[in-house]
Amino acid sequence: MAYWLMKSEPDVYGIDHLAAEPDGTEHWDGIRNYQVRNMFRDQFQPGDQAFFYHSNTKVPGIVGIMEVVSEAYPDHTAFDPDEKYYDPKSDPEKPRWLMVDVRYVRHLDRIIPLSELKADPALSEMRLVQRGNRLSVMPVSESEWDHILEMEQRDTSDNG
DNA sequence: GCCAACGTTGGC
DNA sequence: GCCAACGTTGGC
């Protein structure tokens with residue numbers, strides 16, 4: 001089983017949107033990056049776990065956990081001219097872009113902000129905290145995953 | 001809103 | 001195949 005981190009802007013589609021879906025399940029569409037497409041195609045498996053990360057917001061950070069519940073399949077939004085991420089070069093006969101289904105698992109007990117992830121030496125190898133990283137989906141190692149779940153339980157109050 | 005960093009496109 | 005121009009991402 002693999003671990004992932006997947007970014008979304010909460011104003012567009014946040015973890016509360018996913019939690020409110022029927023069965024907490026929705027497809028993760030709109031990916032138009034080849035590295036991510038290849039990860040979907042070659043590495044994503046049902047049962048994989050993923051952090052839900054809120055980007056482009058006041059406090060960017062990890063807010064919850066979801067589970068991958070499908071293998072990769074064609075992203076149909078690429079075929080629809082009315083869609084924001086329409087790509088005329090993606091042929092339905094030979095789809096260029098893929099998506100996976102994910103299911104809401106839970107919110108974290110607290111948001112773990114990017115600033116805290118960046119400050120933690122144990123996470124210095126994460127793509128997320130490295131300069132100029134622009135991937136919206138990236139792998140997380142098992143040790144990083146476990147470490148972040150330990151951070152979740154950490155008391156961050158000043159005199160706690 | 002700014003802008004650094006990066007991926008993609010397309011002329012040559 | 002090179003690389004400048006352009007568009008996008010996303011933290012700040």
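All heavy atoms count here, side chains included; hydrogens, waters and symmetry mates do not. Naming convention: chains lettered A, B, ... in sequence-line order (proteins, then strands); numbering from 1 in each chain.
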Exercise for the section: Could you check Asn56(A) against Arg96(A) and say which one's nearest nucleotide on DNA chain B is further toward the 5' end? Expected result: Asn56(A)
Problem - Carboxylate-amine/guanidinium proximity below 4.0 Å for Lys58(A) and Glu9(A) - result: no
Practice task
Please report, rounded to the nearest Å, how far the P atom of dT9(C) is from the CG atom of Leu128(A).
Solution key: 16 Å
Fill in the blank from the handout: Closest of dA5(B), dT9(C), dG11(C) to the Ser55(A) side chain is dG11(C)
Fill in the blank from the handout: Here the distance between atom C1' of dG7(B) and atom CG of Asp87(A), to the nearest Å, is 14 Å
Exercise for the section: Please tell me which of the listed nucleotides, dG7(B), dT9(B), dG10(C), lies nearest to the side chain of Lys89(A)? Expected result: dT9(B)
Fill in the blank from the handout: Taken to the nearest whole Å, CG/Leu5(A) to C1'/dT9(C) is 15 Å
Practice task
For Arg131(A) and dA5(B), give me the distance from atom CZ to atom P, rounded to whole Å.
Solution key: 5 Å
Practice task
Take atom CG of Asn33(A) and atom C1' of dT9(B), then tell me their distance rounded to the nearest Å.
Solution key: 15 Å
Fill in the blank from the handout: In numerical order, the residues of residues 108-123 of chain A whose heavy atoms come under 4.0 Å of DNA chain B are none
Completion exercise
From the candidates dG7(B), dG10(C), dG11(C), the one with an atom nearest any side-chain atom of Gln35(A) is dG7(B)
Practice task
Tell me what Leu135(A) touches on the nucleic acid: a base, only sugar-phosphate, or nothing, going by heavy atoms under 4.0 Å.
Solution key: sugar-phosphate
Exercise for the section: Provide, to the nearest angstrom, the distance between the CD atom belonging to Gln130(A) and the C1' atom belonging to dG10(C). Expected result: 16 Å
Practice task
Flag the pair Arg32(A) / Arg37(A) as yes when at least one side-chain heavy-atom distance between them is below 4.5 Å, and no otherwise.
Solution key: no
Problem - Electrostatic pair Glu67(A)-Arg106(A), nearest N-O below 4.0 angstrom - result: no
Practice task
Tell me which nucleotide among dG7(B), dG11(C), dG10(C) gets nearest to the side chain of Pro60(A).
Solution key: dG11(C)
Handout entry: Short side-chain N/O contact to dT9(C) OP1/OP2 from Lys7(A), under 4.0 Å
Key = no
Practice task
Report the C-alpha distance between Asp48(A) and Trp4(A) in whole Å, list the side-chain angles of each, state the deciding distance to 0.1 Å, and finish with yes or no for side chain to side chain donor-acceptor pair (under 3.5 Å).
Solution key: CA-CA 8 Å; Asp48(A) 287 358; Trp4(A) 306 97; 3.0 Å; yes
Exercise for the section: Quickly work out the Tyr85(A) OH to dT8(B) P distance and round it to whole Å. Expected result: 15 Å
Exercise for the section: Report the nucleotide, chosen from dG11(C), dT9(B), dT8(B), that has the shortest atom-to-atom distance to any side-chain atom of Tyr34(A). Expected result: dT8(B)
Handout entry: Atom CD of Glu142(A) with >12 non-hydrogen neighbours under 6.0 angstrom
Key = no
Practice task
Looking at every strand, decide which applies to Glu9(A) at a 4.0 Å heavy-atom threshold: base, sugar-phosphate, or nothing.
Solution key: nothing
Handout entry: Note, Lys7(A) side chain near Phe52(A) side chain (heavy atom, < 4.5 Å)
Key = no
Practice task
Identify the residue among Asp29(A), Asp75(A), Asp87(A) that makes a side-chain hydrogen bond (donor to acceptor under 3.5 Å, both in side chains) with Trp97(A).
Solution key: Asp87(A)
Handout entry: Nearest-Å distance for atom pair OH/C1', residues Tyr53(A) and dG10(C)
Key = 8 Å
